Visitor: 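For reference, the structure I am asking about is given below.
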Amino acid sequence: MRMLQIHSDGFSYEAKRKALKNAEAVKEKVYKTEDSCLVNFIAAETTDANDVSAAAKATAEMIASAADEIKEKNIVVYPWVHLTESPSKPSVALKLLKAIAKDLKERGFNVVRVPFGWYKSFELHCKGHPLAERSKVLDISKEIAKGADVDVTEGEDLTALAAEEKSTSEFFIMEPGGKVTDIKEFNYAKYKELKLYMEYETAKDRTAHEPPAHIELMKKLELVDYEPGSDAGNFRWPPRGLTLKKAIEERVTAEMVDYGAHVIQTPLIYDYEHPSLKAYLQRFPSRQYVVRSGEKDYFARFSACFGQFLLISQAQVSYKQLPLKLFEIAPSYRREQSGELAGIRRGRAFTMPDIHEIVVDEEGAKAAVLRQLEFVEKLHGELEVSYEVSFRLLRSFYEENKDFLTKVIDRIGKPVMIEVFDERYAYFIFKGEWNVVDDQKKAGCLGTIQIDVENSERFDIKYVAEDGKERFPLILHTSPSGSIERILYGVLEHAHKQMKIGKVPHLPLWMTPIQVRFAPVDDSFVDYCLELGKVLDAAGVRYEIDDRSQTVGKKVRSAEKLWIPYIAVIGEREQTSSELSIRRRELKDQVKMSIDELVKEIKEKTSFAPTQRLLLPNLVSKQAIFSREV
RNA sequence: GCCUCGGUGGCUUAGGGGUUAUAGCGUAUGCUUCGUAAGCAUAAUGUCGUGGGUUCGAUUCCCACCCGGGGCUCCA
């Protein structure tokens with residue numbers, strides 16, 4: 001929408017002849033007033049078609065505030081297409097103008113709407129004061145992206161926010177066996193981290209004075225870094241970090257394949273106008289990245305739900321295939337508020353392993369939760385971090401399923417926090433969360449299992465039942481591990497906590513980019529290192545050779561600063577004896593072993609993880625320095 | 001989005017309305033060929049976040065914007 005506003009002493013027009021076949025019918029072709037008025041020449045643009053009523057409301061608001069500033073009660077709404085180079089269709093323009101006029105009348109202004117689709121003559125007399133001539137531009141698609149203050153039109157459902165506000169919750173701790181204790185009464189002596197997690201969840205003051213510890217670590221270890229050329233909260237992954245990221249992705253994918261998932265890939269951007277997506281989006285305040293393509297706006301997905309739901313809604317699904325699982329490593333985007341961003345704990349771009357499991361009914365869903373618990377617990381264990389579990393349940397579901405919940409908590413094997421809420425503010429009736437607590441006592445949610453009771457209908461996802469009829473299933477939304485970024489955050493924060501209590505920080509061996517570093521004592525042993533490297537290549541062990549011409553002390557220091565778990569100094573002794581001298585980080589020792597024994601030890605400790613190649617040259621002298629120190 | 005603190009070579013950082021803006025790490029070159037956390041010497045590298053303003057003069061003061069930290073709100 002583009003608008004030219006003139007504060008005028010008097011105004012008149014005369015409709016001469018029709019410019020459009022379907023021009024408005026006009027009773028009075030002539031209008032004239034001597035009263036002062038605010039004349040608004042308005043052109044509707046293509047973008048306004050995205051949401052005419054929102055554009056109308058925003059425009060009316062602009063006019064009303066301008067009128068208030070100049071204390072004017074008389075408003076003229078004048079269609080004037082020539083203000084824009086990308087006019088909307090006439091029908092959109094007419095709808096917009098009518099809606100603007102209606103809105104302004106409701107605000108108590110005297111409104112004259114000049115007929116649409118005519119060639120007209122007009123006269124006005126600009127008052128010439130500083131506010132008498134103004135122009136305004138509105139791009140409603142941008143306003144849609146901003147979300148908050150956009151009008152809600154017919155049939156839309158924005159009840160989520162309101163429901164969340166008035167929803168009341170009860171918090172308690174449930175132990176294996178089913179014992180329930182109020183969160184304030186519970187004895188946390190043996191459960192320090194659970195206490196921290198509970199305090200975080202229920203705290204009013206979340207003040208932290210230091211930057212999160214993982215931010216410095218992620219740069220120093222050259223794993224991941226901010227990209228200043230992108231939007232805030234978008235990261236770049238140099239090769240060490242990318243190796244780790246892919247190792248985690250492949251690990252989770254392998255687990256999901258074992259679980260029986262259909263592994264897929266779906267688009268990054270989606271059409272705002274798609275009926276199912278529209279209904280889904282309107283349930284929530286919008287936090288999307290908007291992507292403009294030609295005349296249309298798309299949004300970057302904020303989870304894998306859309307693509308997976310659209311794919312499965314058009315697939316043939318029989319009860320025989322249930323429970324049916326779709327899995328995707330889904331790069332996703334959420335335009336979080338700037339103040340919410342915190343390193344890789346919370347960014348605007350993240351990589352979410354996301355599985356949706358389609359089940360027949362609530363019984364099927366509960367059975368699926370018990371199955372999914374297994375891999376969620378297993379994967380979190382492999383991250384070598386401590387975590388706290390919580391469940392959030394709708395009261396009715398909680399009341400009817402206490403036995404089920406007890407079974408779940410028995411499986412978890414330690415006390416968990418329970419929140420029971422009275423009003424369903426989102427699509428789920430059950431949500432499990434696996435959380436890490438960082439050094440700032442803030443919690444970050446990794447894995448999650450949710451039972452979704454409303455999206456099969458919204459996305460028209462059906463299966464054919466035994467009786468040949470189509471039925472809506474329930475859907476479990478699950479992230480087996482949480483986003484890769486969040487995992488790394490958890491791992492690094494855990495390492496930092498270890499450091500603080502005097503332990504050696506480390507990355508889990510299976511994900512660490514470099515498992516072995518060779519430090520030849522001088523140039524002449526580089527060739528022997530290359531030979532040893534071939535053995536590691538064959539075994540799928542990631543290594544590098546520090547072939548820079550430096551002292552051994554300095555090479556060891558460099559490897560230690562990168563937290564490399566196995567450092568092998570290679571010199572005359574090693575070459576002649578074929579025994580390696582290995583410095584093991586975690587055990588803080590130095591042992592003799594053959595290359596085969598080294599391979600065996602590493603392979604045994606990482607047997608559960610798929611082989612991931614190192615994604616940069618093995619020779620350190622050939623590696624660019626991205627953000628590491630030495 | 002709002003409040004608040006910050007941004008000085010690749011990184012960490014000193015400084016401050018006025019001559020040529022520090023230092024360490026890293027990098028380059030030369031020497032050193034070294035045995036488990038820093039070998040020696042020399043050199044290069046700065047539009048002091050960006051844009052505008054005040055001033056004889058701005059990296060320093062003011063404004064706007066961008067980026068980062070913290071907080072509020074938020075976290076489908």
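Values below: all heavy atoms of this structure, side chains included; hydrogens, waters and symmetry mates excluded. If you're wondering where the values come from, they're calculated on a predicted model, not measured in any experiment. Residue numbers start from 1 in every chain, and the chains themselves are labelled A, B, ... in the order their sequence lines are given, proteins ahead of strands.
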Visitor: For A:Ile564, run the side-chain contact (heavy atoms from CB on, under 4.5 Å) check against A:Glu544, A:Arg542, A:His506, A:Gln515 and tell me which one passes.
Guide: A:Glu544
Visitor: Within the side chain of A:Arg628, is there an N or O that forms a donor-acceptor pair under 3.5 Å with the backbone of A:Leu223?
Guide: no
Visitor: Can you find an N or O donor on one side and an acceptor on the other, under 3.5 Å apart, linking the side chain of A:Glu340 with the base of B:G71?
Guide: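 Side chain to base: no pair present.
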Visitor: Would you measure the distance from the C1' atom in B:C67 across to the matching atom in B:G49 and give it in whole Å?
Guide: 7 Å
Visitor: Rounding to a whole Å, what distance do you find between A:Glu216:CD and B:G68:C1'?
Guide: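 Roughly 14 Å, once rounded to whole Å.
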Visitor: Under 4.0 Å between any heavy atoms, over every strand shown, what does A:Gly339 touch: base, sugar-phosphate, or nothing? Just pick one.
Guide: base
Visitor: Looking at A:Arg335, I'd like to know whether one of its side-chain N or O atoms comes within less than 4.0 Å of OP1 or OP2 on B:G1.
Guide: yes
Visitor: Rounded to the nearest angstrom, tell me the gap between atom CZ in A:Arg346 and atom C1' in B:G69.
Guide: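 After rounding, the gap between these two atoms is 17 Å.
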Visitor: For B:U54, which nucleotide is its Watson-Crick or G-U wobble mate, given both distances must be under 3.5 Å?
Guide: none
Visitor: Considering the options A:Phe327, A:Phe459, A:Phe309, which one meets the ring-ring contact (aromatic ring centres under 6.0 Å, His included) requirement together with A:His356?
Guide: A:Phe309
Visitor: Pick the P atom in B:G69 and in B:U8, then give their distance to the nearest Å.
Guide: 14 Å
Visitor: With a 4.0 Å limit, can you tell me whether A:Lys554 has a side-chain N or O closer than that to the phosphate oxygens OP1/OP2 of B:G39?
Guide: yes
Visitor: Answer with base, sugar-phosphate or nothing: what part of the nucleic acid does A:Gly233 contact at a heavy-atom distance below 4.0 Å?
Guide: sugar-phosphate
Visitor: In terms of the nearest nucleotide of RNA chain B, which residue is placed more toward the 5' end: A:Tyr200 or A:Pro212?
Guide: A:Pro212
Visitor: Quantified in whole Å, what is the C1' atom distance between nucleotide B:G18 and nucleotide B:G57?
Guide: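 My reading of the C1' atoms in B:G18 and B:G57 gives 7 Å.
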Visitor: Classify A:Pro228 by what it touches in the nucleic acid, base, sugar-phosphate, or nothing, heavy-atom distance under 4.0 Å.
Guide: nothing
Visitor: Between B:U27, B:A38, B:C34, which nucleotide has the shortest distance from any of its atoms to the side chain of A:Ser549?
Guide: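 Looking only at heavy atoms from C-beta outward on A:Ser549, the closest nucleotide is B:C34.
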Visitor: Going through the distances and angles, do A:Asn435 and A:Tyr200 end up as a side-chain hydrogen bond (donor to acceptor under 3.5 Å, both in side chains)?
Guide: CA-CA 11 Å; A:Asn435 300 277; A:Tyr200 176 77; over 6 Å; no
Visitor: Does B:G1 pair with anything, Watson-Crick or G-U wobble, both distances under 3.5 Å, and if so, with which nucleotide?
Guide: B:C72
Visitor: What integer distance in Å separates A:Leu562:CG from B:G26:C1'?
Guide: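 About 13 Å, once rounded to whole Å.
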Visitor: I'd like the P distance from B:C65 over to B:G1, given in whole Å.
Guide: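 After rounding to an integer number of Å, I get 11 Å for this pair.
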Visitor: Is A:Gly571 touching bases, backbone alone, or none of the nucleic acid, heavy atoms closer than 4.0 Å?
Guide: base
Visitor: What is the distance, to the nearest angstrom, from the CG atom on A:Asp439 to the C1' atom on B:G70?
Guide: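 Taking atom C1' of B:G70 as the reference, CG of A:Asp439 is at 15 Å.
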Visitor: Considering only B:G26, B:U36, B:C67, which nucleotide approaches the side chain of A:Ala232 most closely?
Guide: B:C67
Visitor: Are the aromatic ring centres of A:Phe235 and A:Tyr226 under 6.0 angstrom apart?
Guide: yes
Visitor: Do the side-chain N or O atoms of A:Ser303 get closer than 4.0 angstrom to the phosphate oxygens (OP1, OP2) of B:A76?
Guide: no
Visitor: How does protein contact run along nucleotides 5-13 of chain B, one letter per nucleotide 5' to 3', with B for base contact, S for sugar-phosphate only, - for none, heavy atoms under 4.0 Å?
Guide: ---------
Visitor: Under 3.5 Å, is there a donor-acceptor pair between the side chain of A:Lys555 and the main chain of A:Val521?
Guide: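 Absent.
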Visitor: I'd like to know if A:Arg346 and A:Glu340 make a salt bridge, using a cut-off of under 4.0 Å between side-chain N and carboxylate O.
Guide: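 Judged by the 4.0 Å cut-off on N to carboxylate O distance, A:Arg346 and A:Glu340 do form a salt bridge.
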Visitor: Please state how far atom CZ in A:Phe525 lies from atom C1' in B:U36, giving the value in whole angstrom units.
Guide: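 Roughly 15 Å, once rounded to whole Å.
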Visitor: Base, sugar-phosphate or nothing for A:Glu201? Non-hydrogen atoms, less than 4.0 Å.
Guide: nothing
Visitor: Tell me whether A:Glu199 is salt-bridged to A:Lys195, with the criterion being a basic N under 4.0 Å from an acidic carboxylate O.
Guide: yes
Visitor: Hey, which of these two, A:Val521 or A:Ile215, hits RNA chain B nearer its 5' end, going by closest nucleotide?
Guide: A:Val521
Visitor: Which one is paired to B:C48, where only Watson-Crick or G-U wobble pairs with both distances under 3.5 angstrom count?
Guide: none
Visitor: Is there a donor and acceptor pair, one atom on the side chain of A:Ser581 and one on the base of B:U36, closer than 3.5 Å?
Guide: yes
Visitor: Mind checking the P distance from B:G71 to B:A14? Whole angstroms is fine.
Guide: 23 Å
Visitor: What's the closest nucleotide to the side chain of A:Val630 if the choices are B:G69, B:C34, B:C25?
Guide: B:C25
Visitor: Quick one: look up who B:U29 pairs with, Watson-Crick or G-U, both distances under 3.5 Å, and put none if it's unpaired.
Guide: B:A41
Visitor: Parallel under 30°, tilted from 30 to 60°, perpendicular over 60°: which one fits the rings of A:Phe306 and A:Phe299?
Guide: perpendicular
Visitor: Rounding to the closest angstrom, what is the interatomic distance between B:G46 and B:G9 at atom P?
Guide: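 Going atom to atom, P in each nucleotide, I get 11 Å.
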Visitor: What integer distance in Å separates A:Gln550:CD from B:C40:C1'?
Guide: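 Distance, rounded to whole Å: 14 Å.
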Visitor: Let's see if you can work this out: which of B:U33, B:A38, B:U36 has an atom nearest to the side-chain heavy atoms of A:Arg557?
Guide: B:A38
Visitor: B:G35 and B:G39: how far apart are their P atoms, nearest whole angstrom?
Guide: 12 Å
Visitor: Parallel under 30°, tilted from 30 to 60°, perpendicular over 60°: which one fits the rings of A:Phe430 and A:Phe391?
Guide: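 Plane angle between 30° and 60°, so tilted.
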Visitor: Rounded to whole angstroms, how far apart are CE on A:Met218 and C1' on B:G68?
Guide: 11 Å
Visitor: Is A:Arg334 close enough to B:C74 that one of its side-chain N or O atoms is under 4.0 Å from OP1 or OP2 there?
Guide: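 The answer is no; no side-chain N or O of A:Arg334 sits under 4.0 Å from OP1 or OP2.
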Visitor: Among B:C2, B:G70, B:U36, which is the nearest nucleotide to the side chain of A:Arg583?
Guide: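 For A:Arg583, the side-chain atoms sit closest to B:U36.
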Visitor: Using a cut-off of 4.0 Å on non-hydrogen atoms, how would the nucleic acid contact of A:Glu210 be classed: base, sugar-phosphate, or nothing?
Guide: sugar-phosphate
Visitor: Does A:Arg628 contact B:G26 through a side-chain donor or acceptor facing the base, at a distance under 3.5 Å?
Guide: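 No.
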Visitor: Answer with base, sugar-phosphate or nothing: what part of the nucleic acid does A:Tyr226 contact at a heavy-atom distance below 4.0 Å?
Guide: sugar-phosphate
Visitor: Report which part of the nucleic acid A:Val569 touches: base, sugar-phosphate, or nothing (heavy-atom distance under 4.0 Å, all strands).
Guide: base
Visitor: Could you give the distance separating B:A23 and B:U4 at their P atoms, to the nearest angstrom?
Guide: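 Pairwise P distance, B:U4 against B:A23, rounds to 37 Å.
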Visitor: Taking only Lys NZ, Arg NE, NH1 and NH2, and the carboxylate oxygens of Asp or Glu, determine whether A:Arg424 and A:Glu454 approach each other closer than 4.0 Å.
Guide: yes
Visitor: Within the structure shown, what part of the strands sits under 4.0 Å from A:Lys431 by heavy-atom distance: base, sugar-phosphate, or nothing?
Guide: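 It contacts sugar-phosphate atoms only.
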Visitor: Quickly work out the A:Lys442 NZ to B:C75 P distance and round it to whole Å.
Guide: 15 Å
